[in-house]
K.L.:
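Here's a structure for you.
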Amino acid sequence: MEEQATDVDLLASESEVQEYWQKNRTFEVTENSTRPKFYCLAMFPYPSGQLHMGHVRNFTLGDVIARFQRLQGKNVLHPIGWDAFGLPAENAAIKRNIAPATWTRQNIDYMRGQMKRLGFSFDWSRELATCDPEYYRWEQWFFTRMFKKGLVYKKSAWVNWDPVDQTVLANEQVIDGRGWRSNALVERRQLEQWFVKITAYAEELLAGLDTLSGWPEKIKLMQRNWIGRSEGVEMTFPGIDGEGVTVYTTRPDTLMGATYVAVAPQHPIALDAARNDASLAQFIEECSHVKVAEADMAKLEKRGMPTGRMVRHPLSGESVPVWVANFVLMEYGSGAVMSVPGHDQRDWEFAKKYDLPIVQVVAPKAGSDERCDIAQEAYVSKEGVLVNSGEFDGLDFGAAFDAIATALSGKGLGERQVNYRLRDWGVSRQRYWGCPIPIIHCEKCGDVAVPDKDLPVVLPTDVEFEGVGSPLRNMPEWRNTTCPECGAPALRETDTFDTFMESSWYYARFESSHAESGMLDERSRYWGAVDHYVGGEEHAILHLLYARFFHKMMRDEGLVESDEPFVNLLSLGMVLKDGVKMSKSAGDAGDPQFLLDTHGADAVRMAMMFSAPPEQSFEWSEHGVESAARWLRRLWSTVEQHLEGPDPVGLDRSVLTDELRELRRLTHETLSKAEDDYGRRLTFNTVVSAVMSLMNQVHKTDASAPQARAVVREALEVVVLVLSPITPHVSHQLWQRLTGDALENAAWPPVDDSALARTSVEIVIQVNGKVRGRLEASPGASQEELEAQALALENVARFVDGKTVRKRIHVPDKLLNIVVS
RNA sequence: GCCGGGGUGGCGGAACUGGUAGACGCGCCGGAUUCAAAAUCCGGUGGUGGCAACACCGUGUCGGUUCGACUCCGACCCUCGGUACCA
C-alpha cells in the first residue's frame, strides 16, 4: 500500500508549532484550576555555554512526564531556571577576560534558545536565575533566620591553598597535588568558615527515607550509608605524661585488643609532640600536601609515626603508644581511633608494617566454620566470642559490647554514643561568583546578620577578575560598612555561599514565582511538594540530601507544609561520550545544535528516548536521529495518504475480519502498555518500540474496505497521541489533521478491554526444560488436552519416547514442560 | 580505599512476577524501483553444523539452587557514578 513518502518539511513544521505555543501561552499555568495539580521538575542546569546531550535527555524526560500528565488531565507546573552561580564562570573570566555575570547571561540566552528549539513545555513566565538579586535575596533572608536560630555557626576547616595564586582551590582544580593554573604544590590551610547544622537533622533525614516510596531504593541506600548512623562507645585513653586521647569505636567488644592509638596529623597531641621532634614535624608537613578530598586520602599509602607519647588503656591500665597516621581524618569523630590490629584489617596492615603488637581477643564460636588466623589477616567477624579479655571472656558481640560499655561508664572513662558519618555542611566559599553571605563583622558586636531592610546584599558585577586573590576583599567601597547594631565601622563577610545553597530551594521558589512579599507565598500551598523530580544520578547524595535538609528547615520556619520536597524521583544514568560523563568540564562535546538544524527536535527527542531506559547510562550515538526523522516522515505520509481517502465510517466491532481484529488488539495493547510505561515503569524506550510495532502492523494491513479504514484510523490516532509526549510537534500537526481539534485539548483514551481478547494462544512445549515445539490452543486449554497434542508433535515425541514421564509443569496459556528420565 | 550501579548479537537495547533469550531500531546482506545513483519500498540477519527438518552452543567469569536462571544465591573480573570546594 506504500507510496513514496511525501517530502515533509519537519523543520518548518516545528517552528510553526512553537510559534503557536508561544502565542497561545499553552504551558503557562495558574493555581485556580479545578484539575488535580502535578508538579514536574527536571533539575535545572548550570549555564555552561550550550546544551549537551545529557541536558537533552534530562529535559526531554521531564517534558515527556509533564506532557503525559497533561493528557491524564492534570494541571501541570513545569518550570525552568538556571543554576547560575559557580566556578566555571570564574574560569571563563580568567581565560577570556569577560565578566562572570556577562558570560553567564550570554550563556543563558543561548541555552534558552536551544531549549525553545527543542520544544520543551516549560512555563517560561516563571524562569529564574539564581544570580538574580531577586532570587538570592531570599536565600540571604533565610540564612539570617537560621543564624538567629543557632543552626549556623563558624568553625575552622581545611581548604586547598594555592600559594602562588594566593587563592583557595576546588578539589577538581587540584591535579596530582598541584594547582591547575600555577602548577604550585598545594597546601592544606585552615580557615574560619560558616557551617549549617545538618547533623541536627541527621536522624530525621535518615528516618524520612523510609517514607519516600517513590524514590529508587539505590538512592535511599546511598543516602543511608552517607548519613552513616552507628552505635558505639566514646571513650578516653587517659594521658600518662600529658593529654589523654578521646576515641569513638563501634567495636568496644575488641577493646582489650587495642594495642595503640592513632591520631590525625593535625590532632593537638600530634602537633604538640612535633614541637620537639623534627622528623615528626616533617612527617606532619608531608601529610599536609594532600588534597582535601576523601578519595585521595583513602588511596594514600598508609603511613605513620610514633609521637613518643603514651596513654593508659582505659580498662587494663597498660601503657599504649600514640601514633600519628595519615589515614585518620581530623574532621571525623574526634580525629583519633583506637587500633585493634587483630580485628580490623587496616589496623592489622599498619601494625605489620610498623611491627606493633597484634593481640587476638575474639575467636570463632565452637563449631563455627569461620576462618580465623591472626597471623595471616585480621578476624573482623562479629560472630565470635571474646578471648584474652579477662572477665569478658566467653561473651558474644552483643554481651561484650554491653559489658565493656558499662565497665567504661563505671570508671567515668566512656559512654555509649550514637554517631553519624554525616558532617555539618560547610557553606563558605572563598569565591567571587556566588551569593554574598549576609554577615557583618563588627569588632565590638562580633558577627552580626544583615537586617532584613538591607537585603539583598548585592554582589557587585563590575569587577576585574583575574583569579588571584579575592575580588571582594579588594573592594573597600563594598566591603566597608557599619555595624547594624552599634553603628561602628565594620566589614562585610567576603565569602560567598556554596552553590548547593541556591539549588536547595529553587523548586519551592518556582511555585511562588516572582513573589515580592516573601521567600514563598500562598501559591506554594497549592502546589505542595514536587510530584516528579528528574535528574542525574550524580546528584544522588549531595544535592538531594541538602535539598531535603533545606526543605525541613523551611518547614520548621513555617514556609512549607510537607516533610519532604520530592515525592517521586527519577534518577537518570549518564550520557557518556567516549566513556566519560558529559558535563561542562568535558567541553562542548555533544552539542545538539547540528542535529536540531538537520533533523529537527522531534527526531532528536525520539532518538534520545529510544536509546535506553532513563536509569541506564549509555554512550551517545547520533545514528538514531536520522532514522527517527525517517520514521516520522513516513508516519506523516501514512497519515496524509489515509486522509486522502473517503471520510471514515463508524467502527462496527461485530463485522471485523480476523486481520482487523488483530490490528485492533494490537492498537489497544499498545495503548495499555504505553500508559503503564509512561505512568508506572517510566521506560519511554519501550513506548517507542511498541508504537513502531503497531505501525509495522498498520503498513501490512489492507485498508481499502470502509471498516478497515475505520480500524486503521483508530490505530493512527493512537500512534499520534501516544507518541505526542515524545514528538509533540509532529503529533500536534497530525492530531489537528486527524481530529480537527488541538492536541492540548486531547485526553488519554480508555482501553477497550473487549479488543484485547485473544482467540488462540501459542503454547511452548518443553521437554526437560528445553523448547521442543509449539502449538496453537484456545485460551484456557487444560493440561491434559495440551499434553495429548504435544505428544503428537513429532519433535516432542522424539525426546519423550522410551522414557518415563516424571512430572509435568503447566503455566496456563504459556507453557507445558514435560519432565522425563 | 569506601558507598551505590551496570555488563545480553557487529551496535543501542527488549525479555515487567523464575517460564519461548535477542522484541523494536541501527548496521550489514539480498531484492524491487532507476539509464545509473541517492531517496523509498520489500525480505533476510546470534554462533557452529546441516540441502532441510533440526541439533548443539550462547546473556562478563567460575560455582550453586531449580523441572526450568539474563532474572535468585556465593565468589571473582571489568566498567561507570559519588566520595562532602565540579554542578
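Atom set for the values below is all heavy atoms of this structure, side chains included, hydrogens, waters and symmetry mates excluded. Numbers restart at 1 for each chain; the letters A, B, ... are given by sequence-line order, proteins then strands.
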K.L.:
Across all strands shown, which nucleotide pairs with B/C76 by Watson-Crick or G-U wobble geometry, both distances under 3.5 Å?
P.N.:
B/G60

K.L.:
If we call it a pair only when both distances are under 3.5 Å in a Watson-Crick or G-U wobble match, what pairs with B/G30?
P.N.:
B/C42

K.L.:
For A/L87, answer base if it contacts any base atom (sugar-phosphate contacts may also be present), sugar-phosphate if it contacts only those atoms, and nothing otherwise; contact means non-hydrogen atoms under 4.0 Å.
P.N.:
sugar-phosphate

K.L.:
Pick base, sugar-phosphate or nothing for A/F610, based on heavy-atom distances below 4.0 Å to the nucleic acid.
P.N.:
base

K.L.:
Given B/A53, is OP1 or OP2 found less than 4.0 Å from the side-chain N or O atoms of A/N795?
P.N.:
no

K.L.:
Tell me: OH of A/Y546 to P of B/A87, nearest whole Å?
P.N.:
12 Å

K.L.:
Can you tell me the Watson-Crick or wobble partner of B/G12, both distances under 3.5 angstrom?
P.N.:
B/C24

K.L.:
Checking one value: the base orientation of B/G9, syn if chi is within 90 degrees of 0, otherwise anti.
P.N.:
syn

K.L.:
Would you call A/R665 and A/E669 a salt bridge, using N to O less than 4.0 angstrom?
P.N.:
yes

K.L.:
What's the closest nucleotide to the side chain of A/P613 if the choices are B/A21, B/C16, B/G13?
P.N.:
B/G13

K.L.:
Respond yes when some side-chain nitrogen or oxygen of A/R630 is under 4.0 Å from OP1 or OP2 of B/C26, and no when none is.
P.N.:
yes

K.L.:
Output yes when at least one side-chain N/O atom of A/T499 is less than 4.0 Å from OP1 or OP2 of B/A87, else no.
P.N.:
yes

K.L.:
Under 3.5 Å for both donor-acceptor distances, Watson-Crick or wobble: does B/U71 have a partner, and if so which one?
P.N.:
none

K.L.:
Over all strands shown, is A/D677 touching base, sugar-phosphate only, or nothing at heavy-atom distances under 4.0 angstrom?
P.N.:
nothing

K.L.:
Whole angstrom is fine here: how far is it from CG in A/N225 over to C1' in B/U83?
P.N.:
12 Å

K.L.:
So, is A/R421 close to the B/A84 phosphate, meaning a side-chain N or O under 4.0 Å from OP1 or OP2?
P.N.:
no

K.L.:
Closest approach to the side chain of A/N696, judged atom by atom: which nucleotide of B/C85, B/C24, B/G4 is it?
P.N.:
B/C24

K.L.:
Check every atom of B/G5, B/G81, B/C16 against the side chain of A/R680 and return the nucleotide holding the closest atom.
P.N.:
B/C16

K.L.:
Give one of base, sugar-phosphate or nothing for A/A295, where a contact means two heavy atoms less than 4.0 Å apart.
P.N.:
base

K.L.:
Using a cut-off of less than 4.0 Å, is there contact between a side-chain N or O of A/Q616 and OP1 or OP2 of B/G13?
P.N.:
yes

K.L.:
Check the pair A/I726, A/V688 against side-chain contact (heavy atoms from CB on, under 4.5 Å), reporting the backbone distance first and the verdict last.
P.N.:
CA-CA 9 Å; A/I726 298 171; A/V688 176; 3.8 Å; yes

K.L.:
Given atom CG of A/L816 and atom C1' of B/G68, what is their separation to the nearest angstrom?
P.N.:
13 Å

K.L.:
Using purine N1 to pyrimidine N3 plus N6-O4 or O6-N4 for Watson-Crick, or N1-O2 and O6-N3 for G-U wobble, each under 3.5 Å, what pairs with B/G1?
P.N.:
B/U83

K.L.:
A/I219 has an atom CD1; how far is it from atom P of B/C3, in whole Å?
P.N.:
17 Å

K.L.:
Applying side-chain contact (heavy atoms from CB on, under 4.5 Å) to A/V764 and A/V811, what does each step give before you reach the verdict?
P.N.:
CA-CA 10 Å; A/V764 169; A/V811 182; over 6 Å; no

K.L.:
Which part of the nucleic acid, if any, lies within reach of A/E762 when heavy atoms closer than 4.0 Å are counted: base, sugar-phosphate only, or nothing?
P.N.:
base

K.L.:
With rounding to the closest Å, how many angstrom separate the C1' atoms on B/C57 and B/C2?
P.N.:
40 Å

K.L.:
Can we say A/E537 and A/K218 salt-bridge, meaning some charged N sits less than 4.0 Å from an Asp/Glu carboxylate O?
P.N.:
yes

K.L.:
Regarding B/C26, can its base be found pairing with the side chain of A/E622 as donor and acceptor, where the two atoms are less than 3.5 Å apart?
P.N.:
no

K.L.:
OP1 or OP2 of B/C86 versus the side-chain N and O atoms of A/N91: is any pair under 4.0 Å?
P.N.:
no

K.L.:
If you assign each of A/R681 and A/L422 to its closest nucleotide in RNA chain B, which residue comes earlier from the 5' end?
P.N.:
A/R681

K.L.:
Under 4.0 Å, heavy atoms only, any strand: does A/F500 hit a base, just the sugar-phosphate, or nothing?
P.N.:
base

K.L.:
Taking atom types as they are modelled, would you say the side chain of A/R806 forms a donor-acceptor pair with the base of B/C67 within the 3.5 Å cutoff?
P.N.:
no

K.L.:
In whole Å, what is the span from the CG atom of A/N817 to the P atom of B/U66?
P.N.:
15 Å

K.L.:
Find the distance A/L576:CG to B/G12:P and express it as a whole number of Å.
P.N.:
12 Å

K.L.:
Distance check, rounded to the nearest 0.5 Å: A/L815 atom CG versus A/I763 atom CD1?
P.N.:
8.5 Å

K.L.:
Look at the side chain of A/Q430 against the base of B/C85 and say whether a donor-acceptor pair falls under 3.5 Å; ignore hydrogens and angles.
P.N.:
yes

K.L.:
A/R772 side chain N/O closer than 4.0 Å to the phosphate oxygens (OP1, OP2) of B/C56?
P.N.:
yes

K.L.:
Using the C1' atom as the reference point in each nucleotide, state the distance between B/G46 and B/C70 in Å, no decimals.
P.N.:
15 Å

K.L.:
Rounded to the nearest angstrom, tell me the gap between atom CD in A/Q193 and atom C1' in B/A84.
P.N.:
12 Å

K.L.:
Hey, do the aromatic rings of A/F85 and A/F497 have their centres closer than 6.0 Å?
P.N.:
no

K.L.:
Could you walk me through whether A/V168 and A/L191 pass the side-chain contact (heavy atoms from CB on, under 4.5 Å) check?
P.N.:
CA-CA 10 Å; A/V168 174; A/L191 295 177; 4.0 Å; yes

K.L.:
Between A/K673 and B/C24, is there a side-chain N or O to OP1/OP2 distance below 4.0 Å?
P.N.:
no

K.L.:
Should B/A55 form a Watson-Crick or G-U wobble pair with both distances under 3.5 Å, which nucleotide is its partner?
P.N.:
B/U48

K.L.:
Check every strand shown and say whether A/R431 touches a base, only sugar-phosphate, or nothing at a heavy-atom separation below 4.0 Å.
P.N.:
base

K.L.:
Does B/C67 have OP1 or OP2 under 4.0 Å away from a side-chain N or O of A/K807?
P.N.:
yes

K.L.:
Given atom NZ of A/K291 and atom P of B/U83, what is their separation to the nearest angstrom?
P.N.:
11 Å

K.L.:
Respond yes when some side-chain nitrogen or oxygen of A/N768 is under 4.0 Å from OP1 or OP2 of B/G68, and no when none is.
P.N.:
no

K.L.:
So, are A/R181 and A/D165 salt-bridged, with charged N and O less than 4.0 Å apart?
P.N.:
yes

K.L.:
Nearest nucleotide by nearest heavy atom, which residue falls closer to the 5' end of RNA chain B, A/V168 or A/S627?
P.N.:
A/S627

K.L.:
With the threshold set at 4.0 Å, does a side-chain nitrogen-carboxylate oxygen contact exist between A/E349 and A/K302?
P.N.:
no

